[in-house]
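Please read the structure below before turning to the comments.
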Amino acid sequence: MKVLVAVKRVIDYNVKIRVKADNSDVDLTNVKMAMNPFCEIAVEEAVRLKEKGVASEVVVVTIGPKAAQEQLRTALALGADRALHIETDERVEALTVAKLLKRVVDDEQPGLTILGKQAIDSDNNQTGQMLAALTGLAQGTFASKVDVKDGTVDVTREIDGGLQTVSLKLPAIVTTDLRLNEPRYAKLPDIMKAKKKPLDVKTPAELGVELVAKLTQLKVETPAERQGGIKVASVDELIDKLKNDAKVIS
Ligand code: AMP
């Protein structure tokens, strides 16, 4: 069974986000970029399926600028077999990403397609669900366990108040939650080997998908600075401050 994994290049989660002076967008100048953490979990799961003999091939795909090939090479170093880069410098909305991924699913016919549950830059949490709708395939979102059987996959999902296990007919779409696995680090020899693994480049036009923007980003703002805390000497003083300063009780 072939496994397809969609990975996104985002700002590294350790980086403190800066906003451009005109509030038009996040400032990406000289900012460290990395693979979206939920996509790392998706790659890890696919590689584990290959190591268990369940997957025969792991293909990774990204949509983004030329620099996004770094994240594809990382995925190849982690154990993916080949990569597909759909190159564009435009901002691509979730629905367009899903349309492009549908074309890849149509071409590649993977048994399982794994995505992150969300990208930490836009926090959309939409692409996997949209891809499932466009392809008509079953979806198991927020997976904390994936168990591939004969013709089906059991997905344990993290839902409010507990876990739900669903059985999906293959081919299927899975999106990863944080507890699915702990991704490995790439080893230096594997990073070297990854440079020689196949990486194909296509444009959205070659896949017959037009990049239509339906959303306009109006402004981006940083959260309000938090005020420093104070210590109070007694419960009476606390109540007084809550009543008269913070005005949160009456
Ligand atoms: P989102 O719906 O934007 O929160 O993203 C959820 C998941 O969809 C990500 O973790 C990726 O697996 C996939 N995805 C989103 N954008 C892209 C992209 N530009 N290239 C490849 N995969 C993407």
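When a residue number appears, it is its place in the shown sequence, counting from 1.
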Between [X] and [Y], is there a shared hydrophobic cluster once you connect ILVMFWY residues whose side-chain heavy atoms come closer than 4.5 Å?
X: Ile159; Y: Leu163; answer: no
X: Val15; Y: Ile120; answer: no
X: Met130; Y: Val209; answer: no
X: Leu207; Y: Val201; answer: no
X: Ile41; Y: Leu131; answer: no

Please set out all donor-acceptor pairs under 3.5 angstrom arising from side-chain atoms of residues 212-225, sequence neighbours excluded.
unit_1: Gln217; atom_1: OE1; unit_2: Arg91; atom_2: NH1; d: 3.3
unit_1: Gln217; atom_1: NE2; unit_2: Ser24; atom_2: O; d: 3.0
unit_1: Gln217; atom_1: NE2; unit_2: Asp25; atom_2: OD1; d: 3.2

>> With salt bridge (charged side-chain N to carboxylate O under 4.0 Å, His left out) as the criterion, how do Lys20 and Asp27 come out once you've worked through the C-alpha distance, each side chain's angles and the decisive distance to 0.1 Å?
In response: CA-CA 5 Å; Lys20 286 184 179 171; Asp27 190 354; 6.0 Å; no
Measure the shortest side-chain to side-chain distance between [X] and [Y] over non-hydrogen atoms and say whether it is less than 4.5 angstrom.
X: Leu180; Y: Phe38; value: no
X: Lys241; Y: Leu238; value: no
X: Leu170; Y: Lys149; value: no
X: Glu51; Y: Val47; value: yes
X: Met33; Y: Val10; value: no
X: Pro171; Y: Leu112; value: no
X: Leu101; Y: Val97; value: yes
X: Val60; Y: Leu84; value: no

Looking at every non-hydrogen atom in both residues, tell me the closest pair between [X] and [Y] and how far apart they are.
X: Gly140; Y: Leu168; result: N-CD1, 3.5 Å
X: Ser167; Y: Thr152; result: OG-CB, 3.8 Å
X: Cys39; Y: Val5; result: O-CG1, 4.5 Å
X: Ile191; Y: Ala186; result: CG1-CB, 3.9 Å
X: Gly128; Y: Ile173; result: O-CG2, 3.9 Å
X: Leu76; Y: Pro198; result: CD1-O, 4.4 Å

Any chance you could measure [X], atom [atom1], to [Y], atom [atom2], to the nearest 0.5 Å?
X: Thr176; Y: Gln118; atom1: OG1; atom2: CD; result: 9.5 Å
X: Met1; Y: Gln109; atom1: CE; atom2: CD; result: 13.5 Å
X: Ile249; Y: Leu242; atom1: CD1; atom2: CG; result: 5.0 Å
X: Asn30; Y: Leu28; atom1: CG; atom2: CG; result: 10.5 Å
X: Leu134; Y: Arg103; atom1: CG; atom2: CZ; result: 12.5 Å
X: Glu182; Y: Leu178; atom1: CD; atom2: CG; result: 9.5 Å

> Taking only residues at least two apart or on different chains, which pairs with a member in residues 186-201 satisfy side chain to side chain donor-acceptor pair (under 3.5 Å)?
Replying inline: none
>> With side-chain contact (heavy atoms from CB on, under 4.5 Å) as the criterion, how do Val26 and Ile11 come out once you've worked through the C-alpha distance, each side chain's angles and the decisive distance to 0.1 Å?
In response: CA-CA 10 Å; Val26 168; Ile11 295 184; 3.6 Å; yes
Backbone N/O of [Y] and side chain of [X]: donor-acceptor pair under 3.5 Å:
X: Glu87; Y: Lys202; result: no
X: Thr175; Y: Phe142; result: yes
X: Thr165; Y: Val155; result: no

>> List the residues meeting side-chain contact (heavy atoms from CB on, under 4.5 Å) with Val59, not counting sequence neighbours, and say none if there are none.
In response: Lys2, Leu4, Glu57, Arg82, Glu108
>> Once side-chain contact (heavy atoms from CB on, under 4.5 Å) is applied, do any residues pair with Pro204, and if so which ones, sequence neighbours excluded?
In response: Ile86, Thr88, Leu100, Leu211
>> Under the criterion side-chain hydrogen bond (donor to acceptor under 3.5 Å, both in side chains), I'd like the reasoning laid out for Ser144 against Thr156: C-alpha separation, chi angles, the key distance, then a yes or no.
In response: CA-CA 6 Å; Ser144 63; Thr156 302; 5.4 Å; no
> Residues in side-chain hydrogen bond (donor to acceptor under 3.5 Å, both in side chains) with Arg157, at least two apart?
Replying inline: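 For Arg157, the residues satisfying side-chain hydrogen bond (donor to acceptor under 3.5 Å, both in side chains) (neighbours in sequence not counted) are Thr141, Gln164.
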> Between Gln139 and Gln129, is a side-chain contact (heavy atoms from CB on, under 4.5 Å) present by the stated rule, with each step listed?
Replying inline: CA-CA 7 Å; Gln139 57 177 307; Gln129 294 88 329; 3.3 Å; yes
Just list the side-chain donor-acceptor pairs under 3.5 Å for residues 62-70, sequence neighbours left out, or say none.
unit_1: Thr62; atom_1: OG1; unit_2: Val7; atom_2: O; d: 2.6
unit_1: Gln69; atom_1: NE2; unit_2: His85; atom_2: ND1; d: 3.0
unit_1: Glu70; atom_1: OE1; unit_2: Arg9; atom_2: NH1; d: 3.2

> Are Glu158 and Arg179 ion-paired here, with the side-chain N under 4.0 Å from a carboxylate O?
Replying inline: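 A salt bridge links Glu158 with Arg179.
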>> Side chains of Glu45 and Asn181 only: does a donor on one sit below 3.5 Å from an acceptor on the other?
In response: yes
